[in-house]
Amino acid sequence: MKPFRAFLLGTIFCASATSSVLAADVGACPHDSVGVPPQSNTTDKTQPFFIDTSGLDLKSAPPTRDPGNPAYPTATALPDGTVPSTTGNGNFVIGPTHPVAPDTVAHQGVPHGTVHTFTMSSADSVRYRPGTVRDDAPDCRNSALEHATTAPGDRSNLIVTTSHAGNWVRNIDVYVPAGYHPGKTMPFLVFGDGGANGFTNETQLFATLDNLIRAGRLPAMVAIGIGSGGQDAQGAERGREYDTVSGTYAEWVEHEVLPLVERNADVRLTRDPNGRATMGISSSGVAAFTMAWFHPELYGRVLAYSPTMVNQQWPHDTALPGGAWEYHSAWPGPSAPDLLVHGVTFEATTQSTGAPLIPNAPRKPIRYWFETGDRDLFYPVAALADGMHDWTLANENMARVLAAKGYTYQFVFARNAGHVDKGVVAQTLPEALEWVWAGYSPTRAKGN
């Protein structure tokens with residue numbers, strides 16, 4: 001197996017030309033936001049694929065956003081260095097400094113949970129066999145995405161010609177809290193980008209769980225870190241799993257991952273959605289929300305940092321051409337085009353109405369904590385000048401539609417913060433976990 005190198009979440013990842021990738025073999029691959037893509041529509045809101053640059057400081061890359069932007073919903077600005085209350089709902093602004101919360105580091109005398117690790121491969125999968133691999137240059141200088149084009153007349157439909165079937169192997173890490181007695185049914189947190197070398201800082205997360213469980217601020221719970229399928233974005237397995245707006249990933253977790261967790265870690269997991277939470281960062285953050293949206297009977301609590309609520313779904317789907325952008329906002333393009341993949345056009349059997357999902361569906365039993373940075377991602381692929389790749393605007397729009405539908409949510413806009421900002425995570429993780437798990441009672445855990 002040849003190693004592959006990768007850049008930070010939600011942007012561009014590069015792999016060697018191999019049909020087998022191990023999600024844990026990652027290293028930094030430099031790539032910056034391109035700013036406003038060339039030939040973008042930034043002047044006429046009545047025309048397709050409008051990109052709103054008002055209120056953006058374009059001197060930085062990504063541009064710095066002002067939380068007071070009139071395009072954003074009203075938020076409560078908190079004193080610098082503080083975080084919202086664990087009982088507060090709505091929109092909040094924090095920063096610009098982000099002190100580390102003491103509960104995110106290991107404390108002497110606090111019992112530690114144990115971590116069990118096992119691997120899964122595409123050869124044993126039902127839903128993700130075979131996997132998806134994109135061939136890129138090993139040095140990332142000729143990434144297929146950096147030089148990709150879009151379909152004629154549709155700036156949102158990225159054409160990726162180097163994606164093909166392949167294999168994946170991934171790690172699953174299972175945190176079991178100190179003092180667990182085998183046979184006891186447990187609530188649990190499942191998070192993406194897990195595994196020992198995944199993008200989620202498991203050492204930080206597990207130390208936080210140790211401390212909050214010991215203090216009685218969280219229920220004792222199992223935490224399941226699922227490695228991604230490898231690479232990122234369009235044409236890759238990670239993007240296929242996380243950015244697809246469907247119930248497939250939640251179904252894969254339910255039927256293929258959780259039974260192995262119970263067997264390998266000797267734990268029993270609750271079937272009650274009140275005792276199940278999802279968590280993710282960037283694309284695994286939108287996957288966390290998607291799991292609850294399509295299967296609220298399985299999950300009701302969601303936590304996400306810089307969730308990719310933008311148009312990253314691939315292959316392009318004319319039934320939902322804006323991908324996750326259409327959770328909160330209308331399709332900004334013309335009438336839905338036909339599906340174009342590898343240069344072949346397929347007539348669309350279903351076309352999008354352009355109506356966003358959340359405003360046009362009954363409210364679901366989802367409790368959602370999420371965050372974005374003032375320098376979060378902004379059009380990282382120049383070809384996608386589609387009006388649907390501003391991560392900060394996407395999450396501001398999510399806050400607006402959630403409030404309008406009466407959802408219970410807490411949204412944090414972080415000043416002086418990039419994409420999945422380490423400082424923000426270290427500052428907010430204990431409060432975020434407490435907020436997400438508020439109201440949980442093991443006496444309500446039925447159907448186990």
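Because only heavy atoms are used, hydrogens play no part in the values below, and waters and symmetry mates are left out as well, while side chains stay in. Just so you know, these numbers come straight off a predicted model, no measurement behind them.
Between Leu205 and Leu429, some side-chain heavy-atom pair lies under the 4.5 Å cut-off. The closest side-chain heavy-atom distance from Tyr407 to Ile358 is below 4.5 Å. Using a 4.5 Å heavy-atom threshold, the side chains of Asp376 and Pro62 count as separate. Residues Leu402 and Phe411 fail the side-chain proximity criterion, which asks for heavy atoms closer than 4.5 Å. Considering only heavy atoms from C-beta on, Arg276 comes within 4.5 Å of Glu254 through its side chain. The shortest side-chain heavy-atom distance between Glu371 and Ser306 falls under the 4.5 Å cut-off. Proximity of Leu218 to Tyr440: side-chain heavy atoms (C-beta onward) are nowhere separated by under 4.5 Å. Using a 4.5 Å heavy-atom cutoff, the side chains of Val222 and Val174 are in contact.
Glu202 contributes atom CD, which lies 10.5 Å from atom CG of Asp193 (distance to the nearest 0.5 angstrom). Annotation: the span from Thr119 atom OG1 to Leu260 atom CG amounts to 9.5 Å, rounded to 0.5 Å. Between the OG1 atom of Thr392 and the CZ atom of Arg375 there is a distance of 10.5 Å, given to the nearest 0.5 Å. In this structure, the separation between OG on Ser329 and CD on Glu396 is 11.5 Å, given to the nearest 0.5 Å. One finds the CG atom of Asn311 at 4.0 Å from the CE atom of Met388 (value rounded to the nearest 0.5 Å). Taking CD1 of Ile224 as the reference point, atom CD1 of Ile172 lies at 9.0 Å (rounded to 0.5 Å).
Other residues, nucleotides and ligands contribute over 12 non-hydrogen atoms within 6.0 Å of the CZ atom of Arg127. Heavy atoms from other residues, nucleotides or ligands lying under 6.0 Å from NZ of Lys422 number 12 at most.
Asn69 and Gly55 get closest at one heavy-atom pair: ND2-CA, 3.8 Å. In this structure, Gly95 and Asp80 approach most closely via the heavy-atom pair C-OD1, 3.0 Å. Nearest heavy-atom pair across Thr82 and Pro79 is OG1-O, 2.6 Å. Closest approach of His316 to Ser156, counting heavy atoms only: CE1-OG, 3.2 Å. Summarising the geometry of His328 relative to Pro359, their closest heavy-atom pair is O-CG, 4.5 Å, with the distance given to 0.1 Å. Here the closest non-hydrogen pair linking Thr308 and Ser283 is OG1-N, 3.1 Å.
Side-chain atoms of Asn395 come within 3.5 Å of backbone atoms of Pro307 as a donor-acceptor pair (strictly under, hydrogens ignored). Arg129 contributes a side-chain N or O that, together with a main-chain N or O of Ala123, makes up a donor-acceptor pair within less than 3.5 Å. Judged by distance alone, the side chain of Asp374 and the main-chain N or O of Ala417 form a donor-acceptor pair under 3.5 Å. In this structure, the side chain of Trp325 does not engage the main chain of Pro332 through any donor-acceptor pair within 3.5 Å. For the pair Asn91 (side chain) and Thr74 (backbone), a donor-acceptor distance under 3.5 Å is present. Under the 3.5 Å distance criterion, the side-chain polar atoms of Gln410 are left unmatched by any main-chain donor or acceptor of Ala432. A donor-acceptor pair under 3.5 Å links the side-chain atoms of Asp421 to the main chain of Gly418, judged by distance alone.
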Practice problem: Starting from the C-alpha separation in whole Å, work towards a yes-or-no answer on ring pair (Phe, Tyr, Trp, His ring centres under 6.0 Å) for His255 and Trp252. | Solution: CA-CA 5 Å; His255 298 291; Trp252 174 73; over 10 Å; no
Quiz item: What do the steps show when you test Val401 against Tyr327 for side-chain contact (heavy atoms from CB on, under 4.5 Å), and what is the final call?
Solution: CA-CA 9 Å; Val401 297; Tyr327 272 126; over 6 Å; no
Exercise. Go through the steps for Thr372 and Arg65 under the test side-chain contact (heavy atoms from CB on, under 4.5 Å), then give the verdict.
Key: CA-CA 11 Å; Thr372 194; Arg65 286 74 150 195; over 6 Å; no
Quiz item: Run the side-chain contact (heavy atoms from CB on, under 4.5 Å) check on Thr53 and Val36 step by step: do they pass?
Solution: CA-CA 8 Å; Thr53 60; Val36 180; 3.9 Å; yes
Quiz item: Yes or no on side-chain hydrogen bond (donor to acceptor under 3.5 Å, both in side chains) for Ser282 and Tyr242, after CA distance, side-chain angles and deciding distance?
Solution: CA-CA 9 Å; Ser282 193; Tyr242 291 163; over 6 Å; no
Self-check item: Pair Val257-Met120, side-chain contact (heavy atoms from CB on, under 4.5 Å): steps then yes or no
Solution: CA-CA 8 Å; Val257 180; Met120 298 180 65; 3.9 Å; yes
Self-check item: Test log, rule side-chain hydrogen bond (donor to acceptor under 3.5 Å, both in side chains), inputs Asp103 and Thr208
Solution: CA-CA 5 Å; Asp103 287 314; Thr208 303; over 6 Å; no
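Checked against the 6.0 Å centroid threshold, Trp369 and Tyr305 count as a close aromatic pair. Ring centroid separation for the pair Trp331 and Phe49 comes in under the 6.0 Å cut-off.
Inspection of the Asp135 and His164 side chains reveals an N or O donor paired with an N or O acceptor under 3.5 Å. Side chain to side chain, Asn157 and Thr150 fail the donor-acceptor criterion of an N or O pair below 3.5 Å. Thr87 and Ser85 are linked by a side-chain donor-acceptor pair at a separation below 3.5 angstrom, with hydrogens and angles left out of the test. Side-chain atoms of Ser125 and Glu256 include a donor-acceptor pair closer than 3.5 Å.
Of the charged side-chain nitrogens involved, at least one lies within less than 4.0 Å of a carboxylate oxygen, so that Asp232 and Arg238 count as a salt-bridged pair.
Every residue two or more places apart in sequence or in another chain that forms a side-chain hydrogen bond (donor to acceptor under 3.5 Å, both in side chains) with Thr64 is listed here: Ser60. Tyr249 is linked by a side-chain hydrogen bond (donor to acceptor under 3.5 Å, both in side chains) to nothing, counting only residues two or more places apart in sequence or in another chain.
Ring geometry, Phe413 versus Tyr72: the interplanar angle falls from 30° to 60°, so the pair is classed tilted. Between Tyr368 and Phe370, the angle of the ring planes stays under 30°, which puts this pair in the parallel group of the 30/60° scheme.
Looking at Phe206, Phe188, Phe191 one by one, the single match for ring-ring contact (aromatic ring centres under 6.0 Å, His included) with Tyr175 turns out to be Phe206.
Stacking of Arg217 on the aromatic ring of Trp437 is not recorded, the 6.0 Å distance cut-off and the 45° axial limit not both being met.
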